[in-house]
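I have a structure here, written as structure tokens, and I will follow up with some questions on it.
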Amino acid sequence: QSDPVELVVTDCSLPPSSISLSSEGLVGTGTNVTIWCQSTYTATFFLHKEGCLSPVQREGTNSGDTTTTFTLSGVTPNDTSTYSCSYRPKIYTYASSPIGDSLTLEVTLPPAPSGRSKSPIWVRSVPSVTHGWLCPHIPSP
């Protein structure tokens with residue numbers, strides 16, 4: 001007998017979630033960054049990081065909540081990636097929304113001020129849209 005496997009089906013009729021970031025512009029390394037995910041349903045949310053097969057964070061359902069927050073603590077260059085959200089509505093335990101819009105955290109080095117040999121590392125958010133990449137458009141008959 002094999003280990004149990006959880007089968008979750010992407011339901012393309014569910015609207016994708018939206019995603020936003022707590023900070024605009026530059027955020028210093030070592031700080032916390034908050035990402036908000038929102039849906040039209042009370043749901044359990046999942047934060048996805050590009051290149052990872054499984055969600056990097058899961059947020060439990062809060063009764064009546066259609067929004068949740070994920071915190072990236074003490075951001076470093078390893079947090080550079082594109083992030084997106086999906087959710088499972090409370091009423092459909094094994095149905096998942098398509099992965100919604102995404103945002104990109106990018107680590108950059110600002111120009112060194114004169115007289116300093118080493119610059120601090122900064123993180124900036126760059127919005128990018130990958131809306132609906134799990135649900136191809138199927139033409140109507």
Side-chain angles (χ1 to χ4, degrees), residues 2-141:
S2 66
D3 292 335
V5 174
E6 182 180 35
L7 178 63
V8 177
V9 176
T10 300
D11 183 346
C12 293
S13 69
L14 294 171
S17 59
S18 61
I19 188 169
S20 58
L21 190 64
S22 61
S23 303
E24 295 288 330
L26 300 177
V27 178
T29 187
T31 61
N32 296 341
V33 173
T34 301
I35 296 174
W36 285 283
C37 298
Q38 184 174 12
S39 75
T40 55
Y41 291 92
T42 301
T44 300
F45 291 88
F46 299 86
L47 181 65
H48 302 273
K49 182 178 180 180
E50 186 176 61
C52 295
L53 294 176
S54 298
V56 292
Q57 289 188 35
R58 174 183 179 149
E59 180 66 32
T61 304
N62 295 322
S63 178
D65 283 349
T66 59
T67 303
T68 196
T69 59
F70 293 100
T71 301
L72 302 178
S73 300
V75 293
T76 70
N78 291 333
D79 294 308
T80 296
S81 191
T82 299
Y83 293 88
S84 55
C85 299
S86 67
Y87 64 92
R88 292 187 201 162
K90 188 176 180 181
I91 57 175
Y92 307 118
T93 309
Y94 294 104
S96 177
S97 72
I99 292 177
D101 294 344
S102 62
L103 60 82
T104 299
L105 293 179
E106 181 182 12
V107 176
T108 61
L109 290 174
S114 59
R116 289 186 59 187
S117 60
K118 197 171 186 182
S119 298
I121 296 174
W122 296 91
V123 177
R124 87 183 151 106
S125 67
V126 180
S128 64
V129 177
T130 57
H131 189 75
W133 36 291
L134 285 181
C135 295
H137 174 70
I138 300 172
S140 301

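If you're wondering where the values come from, they're calculated on a predicted model, not measured in any experiment.
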Would you please name every residue forming a side-chain contact (heavy atoms from CB on, under 4.5 Å) with Ile91, sequence neighbours left out?
Tyr41, Pro89
Would you indicate whether the side-chain heavy atoms of Thr44 and Arg58 approach each other to under 4.5 Å?
yes
How close do Lys49 and Asp79 get, heavy atom to heavy atom, and via which atoms?
NZ-CA, 4.2 Å
Under the side-chain contact (heavy atoms from CB on, under 4.5 Å) test, residues paired with Ser20 that sit two or more places apart:
Trp36
Go through the steps for Thr69 and Ile35 under the test side chain to side chain contact (heavy atoms under 4.5 Å, CB included), then give the verdict.
CA-CA 6 Å; Thr69 59; Ile35 296 174; over 6 Å; no
side-chain contact (heavy atoms from CB on, under 4.5 Å) filter on Ser73, not counting sequence neighbours, yields Asn32, Thr71
Is any side-chain heavy atom of Val33 closer than 4.5 Å to one of Leu21?
yes
Thr104 and Glu50, any side-chain heavy atoms less than 4.5 Å apart
no
Rounded to the nearest 0.5 Å, how far apart are CG of Leu103 and OG of Ser84?
8.5 Å
Carefully, step by step, assess His48 and Val56 under the rule side chain to side chain contact (heavy atoms under 4.5 Å, CB included).
CA-CA 6 Å; His48 302 273; Val56 292; over 6 Å; no
Can you tell me if Thr10 uses its side chain to pair, donor with acceptor, with the backbone of Ser97 under 3.5 Å?
no
Report the C-alpha distance between Phe46 and Cys85 in whole Å, list the side-chain angles of each, state the deciding distance to 0.1 Å, and finish with yes or no for side chain to side chain contact (heavy atoms under 4.5 Å, CB included).
CA-CA 6 Å; Phe46 299 86; Cys85 299; over 6 Å; no
Taking atom types as modelled and ignoring hydrogens, do the side chains of Ser102 and Thr82 form a donor-acceptor contact shorter than 3.5 angstrom?
no
Given side chains that start at C-beta, do those of Leu47 and Tyr83 come closer than 4.5 Å, heavy atoms only?
yes
How would you list, by chain and number, every residue that makes a side-chain hydrogen bond (donor to acceptor under 3.5 Å, both in side chains) with Ser39, sequence neighbours excluded?
none
Side-chain touch Arg88/Val8, heavy atoms, less than 4.5 angstrom:
yes
Asp65 CG to Lys90 NZ distance, which is reported to the nearest 0.5 Å:
10.0 Å
Identify, with sequence neighbours excluded, every residue that meets side-chain contact (heavy atoms from CB on, under 4.5 Å) alongside Ser18.
Gln38
Residue pair Tyr87 / Pro16, side-chain heavy-atom distance below 4.5 Å
no
